[in-house]
Amino acid sequence: MTFTLAIVGRPNVGKSTLFNRLVGKRLALVDNQPGVTRDLREGDARLGELRFTVIDTAGLEDATDDSLPGRMRRLTERAVEMADACLFLIDARAGVLPTDEIFADILRKKNAHVILAANKAEGSAGEAGMIEAWGLGLGEPIALSAEHGEGMGDLAAALVPVA
Ligand code: GDP
Ligand code: MG
């Protein structure tokens, strides 16, 4: 059984970096598929033994960090509705920002199956952010580094119950 995972979170936390890592070279094919909008990118992801569809909520880059335009909210809600589970990314180095709290609220209101991950956690730079992430009340955060490929085994383990 396959499933769909949406990567959600505020701009600049590393959603697209993770999407690209999960989709790899298959992205080129995906981009040519009909139904791929500018704002929601869909790809065939591979992680260990798991195969699934991943959605990147792109198109948030114009939004500023301290405002949450309706577009950002609508886009995230649409991704949640399309997905079986959401990977909610925060930036472990930045810690939990007010905008992250807004995303957490959206996910709670939508009753989404949430997997929380703190990205940019390579080295020890993200340790404080990891502790803050617990405060979101969305369970145990996974420490990830999308750029360096760290934490991918923990992510796979968290996805097994979804598959
Ligand atoms: P998005 O806006 O959430 O899609 O974020 P991007 O994937 O575009 O990444 C935003 C910035 O964070 C880029 O400069 C990335 O290179 C950087 N970035 C992404 N993942 C990591 C990571 O694991 N560690 C570090 N240090 N930087 C990262
Ligand atoms: Mg992006």
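Just follow the structure's listing: the first ligand is 1, and inside any ligand the first atom is 1. If you're wondering where the values come from, they're calculated on a predicted model, not measured in any experiment.
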*Could you name the option among Glu122, Glu147, Lys120 that has the heavy atom nearest to atom 26 (N) of ligand 1?*
Glu122

*Ignoring hydrogens, just give me the one of Val8, Asp91, Asn20, Thr17 whose non-hydrogen atom is nearest atom 9 (O) of ligand 1.*
Thr17

Looking at [X], which atoms of ligand 1 are within less than 4.0 Å of one of its heavy atoms?
X: Pro11; answer: 2 (O)
X: Ser145; answer: 22 (C), 23 (O)
X: Lys15; answer: 1 (P), 2 (O), 3 (O), 4 (O), 5 (O), 7 (O)
X: Asn12; answer: 1 (P), 2 (O), 3 (O), 5 (O), 10 (C), 11 (C)

*side-chain contact (heavy atoms from CB on, under 4.5 Å) with Phe103: which of Thr57, Leu136, Val114, Thr76?*
Thr76

*asked:* Using the rule side-chain contact (heavy atoms from CB on, under 4.5 Å), only one of Ile90, Asp105, Asp91 pairs with Asp100; which is it?
replied: Ile90

*Pairs in or reaching into residues 123-149: which pass side-chain hydrogen bond (donor to acceptor under 3.5 Å, both in side chains), with residues at least two apart or in two chains?*
Glu122-Ser145

Between the main-chain N or O of [Y] and the side-chain N or O of [X], is there a donor-acceptor pair closer than 3.5 Å?
X: Lys15; Y: Arg10; value: yes
X: Arg93; Y: Lys120; value: yes
X: Asp84; Y: Thr4; value: yes

*What part of Leu18, side chain from CB on, backbone N/CA/C/O, both or neither, has a heavy atom under 4.0 Å from ligand 1?*
neither

*Is Ala121 in polar range of ligand 1, meaning some N or O pair under 3.5 Å apart?*
no

*Looking only at distance, does Leu144 have an N or O less than 3.5 Å from an N or O of ligand 1?*
no

*Measuring to the Mg ion (ligand 2), does Thr57 have an N/O/S atom at a distance below 2.8 Å?*
no

*Those residues that, when tested against Glu81, pass side-chain hydrogen bond (donor to acceptor under 3.5 Å, both in side chains) (two or more places apart)*: Lys110

